[in-house]
Amino acid sequence: MLEVKNLHVQVDDKEILKGMNITVAPGEVHSIMGPNGSGKSTLAQVLAGKETYEVTEGEITFQGKDLLDLEPEERACEGIFLAFQYPVEIPGVANTYLLREALNAKREYREEKPLKHVEFGKLARDKMKALGIDENLLKRSVNAGFSGGEKKRNEIFQMQILEPTLAVLDETDSGLDIDALKIVANGVNSMRDSGRSFIVITHYQRLLNYIVPDFVHVMVDGKIVKSGGKELAQELEEKGYADF
Amino acid sequence: MSVDLEKLAQEEYKYGFVTDVEQEIAPKGLNEDVIRMISSKKNEPEWLLEWRLGAYERWKKMKEPRWAFLRYPKIDFNDISYYAAPKNNPRPKSLDEIDPEIKETYDKLGIPLEEQKMLAGVAVDAVFDSVSVFTTFKEKLAEEGVIFCSISEAVEEHPDLVRKYLGSVVPRGDNFYAALNSAVFTDGSFVYIPKGVRCPMELSTYFRINAENTGQFERTLIIADEGSYVSYLEGCTAPQRDESQLHAAVVELIAHDDATIKYSTIQNWYPGDKQGKGGIYNFVTKRGRCIGRASRISWTQVETGSAITWKYPSCILEGDNSVGEFYSVALTNRLQQADTGTKMIHVGKNTTSTIISKGISAGEGQNIYRGLVEIGKNAEKARNYTQCDSMLIGDCCGAHTFPYIEVRNSTAHMEHEASTSKIGEDQMFYCRQRGLSAEDAVSLIVNGFCKEVFKELPFEFAVEAEKLLSVSLEGSVG
């Protein structure tokens with residue numbers, strides 16, 4: 001589904017990714033762990049198409065298409081979703097409005113009919129109930145005045161509505177208490193199926209107790225230095241990154 | 001993708017067509033004869049002609065104001081025609097008598113003049129160049145005692161009211177453009193709401209400039225008697241032309257005890273082309289007097305058109321406990337410039353004013369907020385809240401804020417908040433990551449930014465305003 005080959009990326013002339021490789025097959029959950037500044041979030045942003053990151057070398061193929069050729073919105077419509085580490089606030093724009101527009105943009109891309117207000121409302125309420133999210137979150141402005149936990153849960157809620165093929169979760173667990181963490185994990189687990197893949201970026205092994213990955217990668221200084229199964233996460237938790 | 005943007009940019013002013021009607025146009029230039037001609041065309045009484053001539057005398061001695069933060073070539077006031085009217089039957093009694101071309105024009109603009117086709121509950125006065133061509137729902141309004149007609153008609157039918165109030169808010173020598181308007185105003189709307197009447201429908205005037213090389217000088221007068229309520233909306237468009245055209249209007253509002261006037265504007269005059277050629281020069285004086293106790297005047301404006309905008313809808317809060325409000329969205333794209341804001345003059349006790357201004361600059365647009373809040377020495381416990389937000393899209397545009405505050409009473413309570421933000425790269429990216437195109441993302445974010453103002457508009461017009469803003473922003477990214 002996703003193949004990243006020898007990816008080099010720089011920001012302001014500083015190279016951050018230095019030959020990154022990762023292959024994700026349909027239905028797999030990959031976890032990327034690593035110390036601060038190793039380039040984990042950069043990878044997430046590059047996959048989503050953030051223009052401030054300059055790809056100097058390498059390639060990214062997503063479902064047979066050259067991802068680097070596509071605009072961010074085209075990537076989204078092709079099925080890539082990024083749960084942001086720091087979801088941005090958009091004052092005055094109702095959460096439900098952004099999400100309905102987004103879903104309908106995606107449906108239009110797939111040449112499907114847009115959802116009507118009522119249909120969307122029902123879909124949203126059902127998903128929120130399952131996630132234990134308060135309904136008035138829909139009416140509030142996008143992320144404005146949301147607590148840290150509400151922002152992260154909102155990202156997962158959006159993911160559930162948009163039903164991506166590949167979801168990248170960028171430190172979605174940071175700043176969450178244990179109850180919120182479980183809600184987030186349930187949100188992800190309920191979506192796992194043979195056609196959908198996840199890349200879970202995290203510092204801590206804790207999240208991986210709830211979202212059990214198929215593969216764990218250790219990223220240091222812009223490269224993956226070690227890959228393994230879920231037991232690798234446990235090892236990292238005990239020993240830290242000092243050995244790398 | 002850039003090709004599509006180009007196409008959008010060319011299509012963006014949808015109202016740029018010209019209507020082919022036979023018109024009577026006064027020769028270019030301004031002098032006493034022209035004023036006498038206008039006055040006699042309108043069968044005006046002697047006092048009004050004298051009033052016009054007096055204004056002209058004052059105007060001749062005045063200098064064009066240049067204090068605004070606007071740059072535009074000098075206007076040659078003798079190269080403008082001051083009167084243009086469709087030749088056929090200028091004041092039709094029924095729809096059948098209207099020139100079909102003109103009717104079609106309003107249809108195209110989405111303002112059908114047939115009452116059954118109108119938005120439910122909106123009465124329209126349609127002004128085409130210098131004259132009002134039709135007013136809908138007049139009879140229905142008359143049942144409630146509401147007078148809604150063109151100002152020319154009001155001069156004939158209700159001369160006492162016109163004489164009493166005309167110039168009582170904006171005196172004929174008030175400023176350069178107001179004096180010019182007082183000398184040559186041609187048409188506009190007149191509204192009178194009697195005591196205790198809540199006007200049963202929205203009133204609106206649709207201004208259309210059509211003729212070439214003419215100015216439009218309309219005059220609107222709205223009087224809300226004790227305990228009455230009216231919501232009034234004006235819309236404006238003009239054809240796409242290479243030469244700039246002058247629009248200098250005067251609007252006067254009077255609110256008596258416990259009366260409320262809500263005045264909303266959606267201004268979409270032709271803004272000029274990408275090189276800044278053509279476009280309307282919009283120099284407007286709008287002012288309301290809250291003369292009664294607990295009266296209220298609320299201005300809401302959405303300014304997206306015009307090459308130049310010079311406009312400061314103001315409130316004079318004379319009655320105790322009276323309330324003045326100003327909600328504004330001004331958008332400048334390409335080479336558009338807007339110098340706009342308000343004046344809130346607190347005279348009476350316990351008077352309150354609220355100012356919410358949202359300026360959006362894109363392309364090479366320049367957006368200026370200029371506001372004055374004045375608390376007089378007898379205005380005990382006056383309060384003002386001002387919020388002034390600017391948003392920049394791209395890095396060739398500008399936003400400037402000139403707030404003036406004068407307080408002569410120590411019991412006043414003033415709050416002022418201001419912010420400037422660049423449309424966030426992060427906000428854009430967030431929306432695009434969710435699947436929205438760059439253009440949709442900009443319009444979503446900008447509409448969110450303007451929410452506080454849009455919610456003051458009557459519902460149908462709020463929807464209209466959001467669409468208009470999106471259209472005006474086309475081509476601002478990419």
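What you are looking at is a predicted structure, and each value in this text was computed from that prediction instead of being measured. Each chain gets a letter, A, B and so on, in the order its sequence line appears, and its residues count up from 1.
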Discussion item. B:R432 and salt bridge (Lys or Arg N to Asp or Glu O under 4.0 Å): which single residue from A:E74, A:E101, A:E51 fits?
Written reply: A:E51
Fill in: Evaluation steps, side chain to side chain contact (heavy atoms under 4.5 Å, CB included), between A:V88 and B:M428
CA-CA 10 Å; A:V88 66; B:M428 287 285 291; over 6 Å; no
Worksheet item: Going from CG on B:D440 to CG on A:L98, what distance comes out if it is rounded to the nearest 0.5 angstrom?
Response: 11.0 Å
Item to complete: Please check if atom CZ in B:F402 has more than 12 non-hydrogen atoms from other residues, nucleotides or ligands closer than 6.0 Å.
Response: yes
Worksheet item: Heavy-atom count around A:N136 CG within 6.0 Å, excluding the residue itself: above 12?
Response: yes
Worksheet item: In terms of heavy-atom pairs under 4.5 Å with chain A, which of B:K455, B:Q427, B:R434 leads?
Response: B:R434
Worksheet entry | A:L162 versus chain B, the contacting section by heavy-atom distance below 4.5 Å | side chain
Practice prompt. Would you indicate whether the side-chain heavy atoms of A:I90 and B:C431 approach each other to under 4.5 Å?
Written response: yes
Fill in: Crowding at CD, A:Q63 (>12 non-hydrogen neighbours, <6.0 Å)
yes
Worksheet item: Is the NZ atom of B:K343 crowded by more than 12 outside heavy atoms at less than 6.0 Å?
Response: no
Fill in: chain B contacts, top residue of A:P91, A:P72, A:A102, A:A94 (heavy-atom pairs, under 4.5 Å)
A:P72
Fill in: A:F84 and B:F429 aromatic ring geometry - parallel, tilted or perpendicular at 30°/60° bounds
perpendicular
Worksheet item: Hey, are the side chains of B:D426 and A:Y86 touching, using non-hydrogen atoms and a 4.5 Å cut-off?
Response: no
Practice prompt. Take atom CZ of A:R153 as the centre, draw a 6.0 Å sphere, and report whether it contains more than 12 heavy atoms from other residues, nucleotides or ligands.
Written response: yes
Discussion item. Under a 3.5 Å distance rule, please check whether B:Q433 uses its side chain to pair with a backbone N or O of A:I80 as donor and acceptor.
Written reply: yes
Discussion item. Does A:R140 have more than 12 heavy atoms from other residues, nucleotides or ligands lying within 6.0 Å of its CZ?
Written reply: yes
Fill in: Part of A:N143 lying under 4.5 Å from any heavy atom of chain B
side chain
Discussion item. Counting heavy-atom pairs closer than 4.5 Å to chain B, which one of A:Q158, A:K106, A:E78 comes out on top?
Written reply: A:Q158
Worksheet item: CD/A:E155 to OH/B:Y430 distance, rounded to the nearest 0.5 angstrom?
Response: 3.5 Å
Discussion item. Surrounding CD of B:E425 (heavy atoms of other residues, nucleotides or ligands, distance under 6.0 Å), is the total greater than 12?
Written reply: no
Practice prompt. Select one option (side chain, backbone, both, neither) describing which atoms of A:P87 are under 4.5 Å from chain B's heavy atoms.
Written response: both
Response to the item:
Under 4.5 Å to a heavy atom of chain A? For B:F449 that would be backbone
Worksheet entry | Nearest heavy atoms of B:G435 and A:A105, plus distance in Å | O-CB, 3.3 Å
